[in-house]
**Q** 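This is the structure, below, for whatever I ask next.
Proteins come first, then strands; the chains are lettered A, B, ... in the order of their sequence lines, and each starts at number 1. Atoms considered below: every heavy atom in the structure, side chains included; atoms not considered: hydrogens, waters and symmetry mates.
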Amino acid sequence: MRDLILLCLRFFQTGLLAAGGGLATLPFLSDMAADHPEWFTRADLATIVAVSESTPGPIGINMATFAGFKTHGVLGALCSTFSLVLPSFIVILIIYKLLEKFKNSKTVDHVFRGLRPASTGLIAAAALSLFFLALFPDFSGDLLHDAAGIRGTFNLTNTLCFLGLFVCTQIPKIKDLHPILFILAGAGLGLLLQL
Amino acid sequence: MQALKLYAVFFQIGLFTFGGGYAMLPLLERECVNKYHWCTRDELLDIFAIGQCTPGVIAVNTATFLGRKQGGFLGAVAATLGVVSPSLIIICIIAALLQNFMDVPAVQHALTGIRVAVTALIFSMTIKLIKTNWKKPIDYIIGILAFLVVGIFGANPAIVVVVAGLTGLFYYGRFAGAQGKEAVATAAEEASSAESVSTEGAVTAPPAEAAEKATHNAPEREENVATITSTDSATSEDPSSVIPEEKPQKSASVTTAEAEEETKEKERDTHA
């Protein structure tokens, strides 16, 4: 029981401090693996990162669930996952209240007018990293330090599938199909063509 | 009822969010913007930006925010539980039964295909967002810099969001006059042609200075640039030194990002 509380506290702390998306939790999780190998080891962490890339859901959540389940079963999985989520849940509720209050303030409007183009840029950056992951499967994606590593990692079949699906997202009637259908089509193509 | 609906919608979104928070964007747009009209696309972007710089996972932050907006506290709980549930269930199953689930070739093939599909979806989403959100030169500057700094130089998005918010605050609050627009327009032209961030900083300086002559005196501003480039992230939180111009703010964003990147590298080294 004490161990479970400790586990939850550590995940709560991670949830509170890791800002900036899934990979931001990694350093915290890495520390945790070093301090408490009985919860999960670095090797477990590597596995979960790989699993997270291929299952729905964020890495942090997956790791919390995995560690909680491994040490204390389903109850542990629930507790540790909710500990990770709780801080951001509270913070977002507070921010929501504040935004409601200052909804018509010019200052807030100015901030958001600066944020929107940046947010778009960040999404473009995410698109770029996904692009490398999908079309250059063996490339690290690190253009800055490993630009030469891109050679020989280009995958033609993946690229053709990508182009086909991308064209579909631009064709008037097809583009209104549910994104889930695209994802399922992708899975089907992958199985069919042995991507 | 509303809470149940929120749970169901976000469960579905959580179930198909392969590859991190951004992968949920096309799904969110479909369900929350087009189908249920819970928010506009602009609001969705705002929520995403908030999610970037607040603690926790973006997917969860977005779910909490939209849930709260639609169904009060109960809605927030329902949406958050909904987005978390699929991974909770799937990981428990994997941990209990399928330790070597990743080694099954069929799983690998299907996942590669899913990755390709998600990339196509995100690309079309990005194009749509660029069309609606990058209109003025300042939008292009902020957007392209954010893209470069995070996409190429690997900076923490949270910092970029904070800097972009401050830039918007100062630019629209103080510097949206005709002169400013001219200066920024020339800066944008040169910025887009510049290859690397470091040369860009050098190139954008002259037009900014030209605008400076009209509003402030030059020596004071040079001092600003010096202080901002020499110190790093601390300056972005110090409004007084950044207020006079939008340009110093930009150079601050670049140096901040670079400093951040260095610290990240160090972290990587120590972990290795």
**Q** First locate atom CZ of A:Arg116, then atom CG of B:Leu129, and finally report the distance between them rounded to the nearest 0.5 Å.
**A**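 The CG atom of B:Leu129 is 11.5 Å from CZ of A:Arg116, to the nearest 0.5 Å.
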**Q** Using every non-hydrogen atom in the two residues, find where A:Leu165 and B:Ala117 come nearest and quote the distance to one decimal.
**A**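 Nearest pair, atom of A:Leu165 first, then B:Ala117: CD1-CA, 3.7 Å.
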**Q** Could you check whether the rings of B:Phe65 and A:Tyr96 sit parallel, tilted or perpendicular, using 30° and 60° as the cut-offs?
**A**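 Plane angle over 60°, so perpendicular.
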**Q** Given a strict heavy-atom distance threshold of 4.5 Å, which part of A:Leu160 is in contact with chain B: side chain, backbone, both, or neither?
**A**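 The answer is neither part of A:Leu160.
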**Q** Side chain, backbone, both or neither: which part of A:Phe69 has an atom under 4.5 Å from a heavy atom of chain B?
**A** side chain
**Q** Roughly how far, to the nearest 0.5 Å, is the OG1 atom of B:Thr126 from the CG atom of A:Leu130?
**A**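 That separation rounds to 9.0 Å.
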**Q** Counting only heavy atoms closer than 4.5 Å, note whether A:Ala77 contacts chain B via side chain, backbone, both or neither.
**A** both
**Q** Rounded at 0.5 Å granularity, tell me how far CD1 in A:Ile61 sits from CG in B:Leu88.
**A**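 Output value for this atom pair is 8.5 Å.
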**Q** When rounded to the nearest 0.5 angstrom, what distance separates CD1 in B:Ile47 from CG in A:Leu115?
**A**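 Nearest 0.5 Å value for the CD1-CG distance: 12.5 Å.
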**Q** Using non-hydrogen atoms and a 4.5 Å limit, figure out which bit of B:Leu81 sits close to chain A: side chain, backbone, both or neither.
**A** side chain
**Q** Checking A:His110 side chain against B:Gly168 main chain: does a donor-acceptor pair fall under 3.5 Å?
**A**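 The answer is no, because no donor-acceptor pair under 3.5 Å joins these two groups.
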**Q** Does the side chain of A:Asn62 reach to within under 4.5 Å of the side chain of B:Ile90, using non-hydrogen atoms?
**A**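 Counting from C-beta outward, A:Asn62 and B:Ile90 never come under 4.5 Å.
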**Q** Quickly, which of A:Leu193, A:Asn158, A:Leu191 forms a side-chain contact (heavy atoms from CB on, under 4.5 Å) with B:Thr112? Name it, please.
**A**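 That would be A:Asn158.
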**Q** Looking only at heavy atoms, which two atoms of B:Ala146 and A:Ala118 are closest? And how far apart?
**A**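 Residues B:Ala146 and A:Ala118, closest heavy atoms: CB-O, 3.7 Å.
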**Q** What is the minimum heavy-atom distance between B:Arg30 and A:Pro179, and which atoms define it?
**A** CG-CD, 3.6 Å
**Q** Quick check on A:Leu86 against chain B: is it the side chain, the backbone, both or neither that has a heavy atom closer than 4.5 Å?
**A**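 Neither part, no heavy atoms under 4.5 Å.
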**Q** Between A:Leu192 and chain B, with a heavy-atom cut-off of 4.5 Å, which part of the residue counts as in contact: side chain, backbone, both or neither?
**A** neither
**Q** If I measure from the heavy atoms of chain B, does A:Leu189 come under 4.5 Å with its side chain, its backbone, both, or neither?
**A**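 No part of it gets close to chain B.
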**Q** Taking atom CG of A:Leu181 and atom CZ of B:Phe16, what is their separation to the nearest 0.5 Å?
**A** 9.0 Å
**Q** How many angstroms lie between atom OG of B:Ser124 and atom CD of A:Gln170, to the nearest 0.5 angstrom?
**A** 5.5 Å
**Q** Heavy-atom distances under 4.5 Å only: say whether A:Ser129 touches chain B with side chain, backbone, both or neither.
**A** neither
**Q** At their closest point, which heavy atom of B:Thr119 faces which heavy atom of A:Ala127, and how far apart are they?
**A**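 So the minimum-distance heavy-atom pair works out to CG2-O, 4.5 Å.
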**Q** Is the number of heavy atoms from other residues, nucleotides or ligands within 6.0 Å of CZ (A:Phe154) greater than 12?
**A** yes
